[in-house]
Engineer: 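Structure incoming, see below.
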Amino acid sequence: MHAFSHGTTSSTAVAVPPSLALPVIEDMFPRQLHPYWPKLQEKTRQWLLEKRLMPADKVREYADGLCYTDLMAGYYTSAPDEVLQAIADYSAWFFIWDDRHDRDIVHRRPADWRRLRYRLHTALDAPRHHLHHPAPLVAGFADSVLRLYSFLPGTWNRRFARHFHAVIEAYDREFRNRITGHIPKVEEYLALRRHTFAHWIWTDLLEPSAGRELPDRVRKHPAYRRPALLSQEFAAWYNDLCSLPKEIAGDEVHNLGISLITHEALTLEEAVDEVRRRVEKCIRDFLDAERDALRFADELADGTVLGRELGAAVRACVGSMRNWFSAVYWFHHESGRYMVDNWDDRSTPPYVNNEAAGEK
């Protein structure tokens, strides 16, 4: 039986293919949506135009249907409006950067990629100095990062920068893997995926959404770290499950299913079953870890002002971790990013520019 969700961009019910349906998500992870979402969508669309990150015709035709703001509005549901706006713009930038990375590989533009990689590293450390950079991807990145840096102390900013420097380098490893046709083994792939999916970035952003930086003793505590990692692993592996046809069509080498087929001698059907098994285990393990995290939040709320604030912040962060499951799940069935069968060319998304956005 098909499961249905009423999408945020229209009143049309969205059917989930049986092979991708997860009844436990539909039953136990009610969908949430930040009340600011309609304004969020409008403002992010304006920001994409202002920063020249997508051509006007692409924004007009595809931006809403890609559902990038829906994904973030369904995740950080307790964030102040201005925090959610900064996260949503940054997330839209991230997807566009990901597409540019893919096109630089497909069209064999290593010099363009190296130049962009270097510029992003420098903009991350000094975003204010790159706000008017002639390359739209650099200027847009600087703008979104500078806004994110405005919410919490410098210690959080430096951690975020450290984590995103690692993401940029992981994208460079992906570039080299795809250019050479290297398909990582399963464990190598899983380690790389934690960076290219930006596990620690989305986890870092839980804190400005909750209104405070968490001290290391809280953030690194297993009771907090485990559900945070499980929510991200679910998202990455469910993405692999849903995007496998798109990535096979595009000669990708980075997908858990592709690694299993290549290095574990699984058939396509067996690989799909194994990825699905891992996805379902993430959900079960998260439900156990969530209980531990909420107990940890109760322990932190020891009657002191600081304890009450930390306990409340951890509860808010764990609530957002839970939201990530439903946000990611429905995003994959509503976003035009995964509707490969509707594209004229299954290897070329219709919402991307094949050019290097005037950045040569």
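Quick note: numbers below take in every heavy atom, side chains included, and nothing from hydrogens, waters or symmetry partners. Here the structure is a predicted model, which means the values were calculated and not measured. Residue indices begin at 1 and follow the sequence shown.
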Engineer: Quick one, Cys282 and Val279 - any side-chain contact, counting heavy atoms below 4.5 Å?
Structural biologist: no

Engineer: To the nearest 0.5 Å, how far apart are SG in Cys67 and CD in Gln41?
Structural biologist: 8.0 Å

Engineer: Let me confirm one number: the CD-OG1 distance from Gln85 to Thr44, rounded to the nearest 0.5 Å.
Structural biologist: 4.5 Å

Engineer: Check for me, please, whether Leu20 and Leu268 land in the same ILVMFWY cluster - side-chain distances under 4.5 Å, paths through other members count.
Structural biologist: yes

Engineer: Using 4.0 Å as the upper bound for N to carboxylate O, is an ion pair formed by Asp112 and Arg115?
Structural biologist: yes

Engineer: Do Phe95 and Phe331 make the cut of ring centroids closer than 6.0 angstrom?
Structural biologist: yes

Engineer: Taking only residues two or more places apart in sequence or in another chain, which ones pass side-chain hydrogen bond (donor to acceptor under 3.5 Å, both in side chains) with Glu61?
Structural biologist: none

Engineer: Is the backbone of Ala223 close enough, under 3.5 Å, to the side chain of Arg295 for a donor and an acceptor to pair up by distance?
Structural biologist: no

Engineer: Work out which heavy atom in Asp285 is nearest to a heavy atom in Arg226; give both atom names and the distance.
Structural biologist: CB-NH2, 3.7 Å

Engineer: Would you compute the distance between atom CG of Leu205 and atom CG of Leu148 and round it to the nearest 0.5 angstrom?
Structural biologist: 6.0 Å

Engineer: What I want to find out is whether Arg277 reaches Glu280 closely enough, with some N-O distance under 4.0 Å, to be called a salt bridge.
Structural biologist: no

Engineer: Look at the side chain of Arg308 and the backbone N and O of Gly303, then say whether any donor-acceptor pair between them is shorter than 3.5 Å.
Structural biologist: yes

Engineer: Kindly write out the residues that satisfy side-chain hydrogen bond (donor to acceptor under 3.5 Å, both in side chains) with Thr155, not counting sequence neighbours, or none if the list is empty.
Structural biologist: Glu213

Engineer: For Ser320, give me all partners under side-chain hydrogen bond (donor to acceptor under 3.5 Å, both in side chains), at least two apart in sequence or on another chain.
Structural biologist: none

Engineer: Does the His101 side chain pair with the main chain of Tyr171, one donor and one acceptor, at a distance under 3.5 Å?
Structural biologist: yes

Engineer: Name all residues meeting the side-chain hydrogen bond (donor to acceptor under 3.5 Å, both in side chains) criterion together with His332; count only those two or more places apart in sequence or in a different chain, and write none if there are none.
Structural biologist: Asn239

Engineer: Which pair of heavy atoms, one from Leu71 and one from Trp324, lies closest together, and at what distance?
Structural biologist: CD1-CZ3, 3.6 Å

Engineer: Can you name the one residue among Trp202, Tyr68, Trp47 that meets ring pair (Phe, Tyr, Trp, His ring centres under 6.0 Å) with Tyr90?
Structural biologist: Trp202

Engineer: For His129, look at atom NE2 and say whether over 12 heavy atoms of other residues, nucleotides or ligands are found less than 6.0 Å away.
Structural biologist: no

Engineer: Please identify each residue that fulfils salt bridge (Lys or Arg N to Asp or Glu O under 4.0 Å) with Glu264, with sequence neighbours left out.
Structural biologist: none

Engineer: Would you say Ser259's side chain and Leu256's backbone share a donor-acceptor pair under 3.5 angstrom?
Structural biologist: no

Engineer: Hey, quick one: are Leu146 and Phe141 part of the same hydrophobic cluster, counting side-chain heavy atoms closer than 4.5 Å, chains of contacts allowed?
Structural biologist: no

Engineer: Do Tyr75 and Trp200 land in one hydrophobic cluster if side-chain heavy atoms of ILVMFWY residues count as linked below 4.5 Å?
Structural biologist: no

Engineer: Got a sec: does the NZ of Lys43 have more than 12 other heavy atoms crowding it under 6.0 Å?
Structural biologist: no

Engineer: Does a salt bridge link Asp102 with Arg178, judged by any charged N lying under 4.0 Å from a carboxylate O?
Structural biologist: yes

Engineer: Tell me if a side-chain donor or acceptor on Trp343 pairs with a main-chain N or O of Met339 at a distance below 3.5 Å.
Structural biologist: yes

Engineer: Measuring from atom CG of Asn255 to atom OH of Tyr189, what distance do you get when rounded to the nearest 0.5 angstrom?
Structural biologist: 5.0 Å

Engineer: With ring centroids as reference points, do Phe286 and Phe325 lie under 6.0 angstrom apart?
Structural biologist: yes

Engineer: Are Arg284 and Asp288 ion-paired here, with the side-chain N under 4.0 Å from a carboxylate O?
Structural biologist: no

Engineer: Hey, would you say the Phe164 and Trp97 ring centroids sit under 6.0 Å apart?
Structural biologist: yes

Engineer: Specify the closest pair of heavy atoms between Trp330 and Val16, including all atoms of both residues, with the distance to one decimal.
Structural biologist: CZ3-CG2, 3.4 Å

Engineer: Does the gap between the ring centers of Tyr329 and Tyr238 come in under 6.0 Å?
Structural biologist: yes

Engineer: So do the side chains of His165 and Asp125 get within less than 4.5 Å of each other, counting heavy atoms only?
Structural biologist: yes

Engineer: For His133 and Ala135, indicate whether the former's side chain and the latter's backbone hold a donor-acceptor pair under 3.5 Å.
Structural biologist: yes

Engineer: Less than 4.5 Å apart, side chain to side chain, heavy atoms only: is that true for Leu190 and Val186?
Structural biologist: yes

Engineer: Flag the pair Tyr149 / Arg128 as yes when at least one side-chain heavy-atom distance between them is below 4.5 Å, and no otherwise.
Structural biologist: no

Engineer: Check this for me: does any side-chain nitrogen of one of Glu207 and Arg159 sit under 4.0 Å from a carboxylate oxygen of the other?
Structural biologist: yes

Engineer: Check the pair Arg117 / Glu169 against salt bridge (charged side-chain N to carboxylate O under 4.0 Å, His left out), numbers first and verdict last.
Structural biologist: CA-CA 8 Å; Arg117 171 190 168 208; Glu169 288 307 292; 2.8 Å; yes

Engineer: Could you state the interatomic distance from CD (Glu42) to CH2 (Trp37), rounded to the nearest 0.5 Å?
Structural biologist: 11.0 Å

Engineer: Could you report the tightest heavy-atom contact between Thr77 and His34, atom names first, then the distance?
Structural biologist: O-CD2, 3.1 Å

Engineer: So, are Asp99 and Arg103 salt-bridged, with charged N and O less than 4.0 Å apart?
Structural biologist: no

Engineer: Any carboxylate oxygen within less than 4.0 angstrom of a Lys/Arg side-chain nitrogen, looking at Glu233 and Arg194?
Structural biologist: yes

Engineer: Establish whether Trp113 and Val253 are linked, either directly or via other cluster members, by ILVMFWY side-chain heavy-atom contacts under 4.5 Å.
Structural biologist: yes

Engineer: Arg60: what forms a salt bridge (Lys or Arg N to Asp or Glu O under 4.0 Å) with it, not counting sequence neighbours?
Structural biologist: none

Engineer: Are any of the side-chain heavy atoms of Gln32 and Ser326 separated by less than 4.5 Å?
Structural biologist: no

Engineer: Check Asp298 with Arg315, please: is the shortest side-chain N to carboxylate O separation under 4.0 Å?
Structural biologist: yes

Engineer: Do His333 and Pro17 have side-chain heavy atoms sitting under 4.5 Å apart?
Structural biologist: yes

Engineer: Decide whether Val275 and Ile25 are clustered together by the hydrophobic rule: side chain heavy atoms of Ile, Leu, Val, Met, Phe, Trp, Tyr closer than 4.5 Å, transitively.
Structural biologist: yes

Engineer: Between Asp81 and Lys39, is there a side-chain N and carboxylate O pair less than 4.0 Å apart?
Structural biologist: no

Engineer: If we ignore hydrogens and angles and just use 3.5 Å, is the side chain of His199 paired with the main-chain N or O of Ala236 as donor and acceptor?
Structural biologist: no

Engineer: List the atom of Leu287, the atom of Phe29, and the distance in Å for their closest heavy-atom pair.
Structural biologist: CD2-CZ, 3.7 Å

Engineer: Could you grab the distance from atom CG of Leu294 to atom CD of Glu299, nearest 0.5 Å is fine?
Structural biologist: 11.0 Å

Engineer: One thing to verify: whether Arg147 and Asp89 come together as a salt bridge, which I'm taking to mean a side-chain N less than 4.0 angstrom from a carboxylate O.
Structural biologist: yes

Engineer: Parallel, tilted or perpendicular, judged at 30° and 60°: which one describes the rings of Tyr351 and Tyr62?
Structural biologist: perpendicular

Engineer: Are the charged groups of Asp240 and Arg278 less than 4.0 angstrom apart, N to O?
Structural biologist: no

Engineer: For the pair Arg108 (side chain) and Ile105 (backbone), establish whether a donor and an acceptor sit closer than 3.5 Å, ignoring hydrogens and angles.
Structural biologist: yes

Engineer: State whether a side-chain donor-acceptor pair under 3.5 Å links Asp143 with Trp93.
Structural biologist: no

Engineer: So which atom in Val167 and which in His195 form the shortest heavy-atom distance, rounded to 0.1 Å?
Structural biologist: CG2-O, 3.2 Å

Engineer: Any donor-acceptor pair under 3.5 Å linking the side chain of Ser91 with the backbone of Ile87?
Structural biologist: no

